[in-house]
Number of protein chains: 2
Amino acid sequence: MTDNPYEASPERRAERLAETAPTECDVRVERLVTELIGRVADKWTMIILEVLEEHKELRFTELARKVEGISQKMLTQTLRHMERDGMVTRTIHPVIPPRVDYRLTPLGLSLGAAFCGVWIWAEKNLTEVEAARTAFDAR
Amino acid sequence: MTDNPYEASPERRAERLAETAPTECDVRVERLVTELIGRVADKWTMIILEVLEEHKELRFTELARKVEGISQKMLTQTLRHMERDGMVTRTIHPVIPPRVDYRLTPLGLSLGAAFCGVWIWAEKNLTEVEAARTAFDAR
DNA sequence: CAGAATCCTTGGAGATACTG
DNA sequence: CAGTATCTCCAAGGATTCTG
């Protein structure tokens, strides 16, 4: 993974790169995709996505209540990330007391749809997973 | 979230529970599902799933090489979790040097399929997310 | 080779207090 | 109300070493 300073020769190095890098650019894209997955396949992100899918629009405290178990800090943080990634819009109403509404963008909705399969899978296979666990633990 | 010791009366408490707990059992299931999602929507789990989907069967070091950036510790750990959850079988060949093969179970395969939508989403929307980020940062 | 064990660091995350 | 700022702490995870 780290550069090998003892590479035999430039030729050898080119050879090695040719082996490990099918089109060199694909690798870069693949890495970006992987990184994006890492960002997006996060527990809180998934749940917030889910909640915002159900209730079109929610304000901060409503989210805090609906999300169950999230700390205020993590909520803010996750929402910021989601906003930055274009998943969520954040509209501030200049009133007192302040009011901020969160709502999914089309991009966020599409991700929610993509995750839908995982939720369904989890519901459908919950008992099977639990069975596997107890079987594994009893050993 | 924590029990409120100042609940006015048993009646009031029952009322509150009726509000927050549509069928009480659903909540339990929902929590289990959420917890399962938290377990399964993990970066390394997703990637290992992906890799094992592509190459039917891999041994430990092969996985370590294919997974790119994972430490040996995390690989072992994640594989154990996946095995415990019934995603993966671990077959030990009693030879010297030792050889251990990992392969997805039907359950693992089904989860991989469920995640497939997310991978596709990530590939398709990578540029849009990056655009959103730069737009957000330039502010 | 396939791990287990150990040590060590960092940043993830909670709790609390403060502010526009 | 909707956050930001600060302090703190624990555990996730990396690096390294050891072993059947």
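Chain letters run A, B, ... following the sequence lines, proteins first, then strands; residues in each count from 1. Predicted, not measured: the structure shown is a model, and the values here were computed from it. When reading the values below, keep in mind they use all heavy atoms of this one structure, side chains included, and skip hydrogens, waters and symmetry mates.
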- Span of DNA chain C engaged by chain A, first through last nucleotide within the 4.0 Å heavy-atom cut-off, is C:dA13 to C:dG20
- Nearest heavy-atom contact between A:Leu52 and A:Tyr102 is CD2-O, 3.6 Å
- Can you name the closest pair of heavy atoms from B:Asp85 and B:Arg39 and give their distance? OD2-CG, 3.7 Å
- Message: Can you tell me if A:Arg99 touches the phosphate of D:dA2, counting only side-chain N or O atoms and a distance under 4.0 Å to OP1 or OP2?
- Response: no
- For B:Thr45, the side chain to side chain contact (heavy atoms under 4.5 Å, CB included) test, sequence neighbours excluded, returns B:Asp42, B:Thr78, B:Met82
- So B:Arg59 and B:Val100, side chain to side chain contact (heavy atoms under 4.5 Å, CB included) or not? Walk me through it. CA-CA 5 Å; B:Arg59 52 195 299 187; B:Val100 178; 5.9 Å; no
- List the atom of B:Ala114, the atom of A:Gly117, and the distance in Å for their closest heavy-atom pair. CB-O, 3.7 Å
- Note on the structure: In terms of heavy-atom contacts, A:Glu57 and A:Glu62 come closest through O-OE1, 4.4 Å
- Message: Applying side chain to side chain contact (heavy atoms under 4.5 Å, CB included) to A:Met46 and A:Leu49, what does each step give before you reach the verdict?
- Response: CA-CA 5 Å; A:Met46 281 193 66; A:Leu49 224 53; 5.6 Å; no
- Task: Mind calculating the distance between CG (A:Asp101) and P (D:dA2) to the nearest angstrom?
- Result: 8 Å
Show me the donor-acceptor pairs within less than 3.5 Å that the side chains of residues 121-129 of chain B make with the rest of the protein, sequence neighbours left out.
residue, atom, partner, partner atom, Å
B:Trp121, NE1, A:Ser110, OG, 2.8
B:Trp121, NE1, B:Asn125, OD1, 3.4

- Query: What does the inter-axis angle of the helix from C:dC1-D:dG20 to C:dG20-D:dC1 come out as, five pairs per end, nearest 10 degrees?
  - Reply: 50°
- Heavy-atom protein contacts under 4.0 Å, nucleotides 5-20 of chain D, coded B base, S sugar-phosphate only, - none: --------BB-----B
- Supply the atom-to-atom distance B:Leu36 CG to A:Glu130 CD, rounded to the nearest 0.5 angstrom. 8.0 Å
- Message: Please give me every residue in residues 82-94 of chain A whose heavy atoms get under 4.0 Å of an atom in DNA chain C, ordered by residue number.
- Response: none
- Using side-chain contact (heavy atoms from CB on, under 4.5 Å) as the criterion, point out the one residue from A:Arg90, A:Gln72, A:Arg65 that pairs with A:Phe60. A:Gln72
- Item | Salt bridge flag under 4.0 Å for residues B:Asp101 and B:Arg99 | yes
- Counting heavy atoms from C-beta on, name the nucleotide in D:dC1, D:dT4, D:dA2 closest to the side chain of A:Arg80. D:dT4
- Cationic N near anionic O, under 4.0 Å, B:Arg84 to A:Asp137: yes
- Message: Is there a side chain to side chain contact (heavy atoms under 4.5 Å, CB included) between B:Lys43 and A:Ile37? Walk through the geometry before answering.
- Response: CA-CA 7 Å; B:Lys43 185 191 172 186; A:Ile37 290 279; 5.7 Å; no
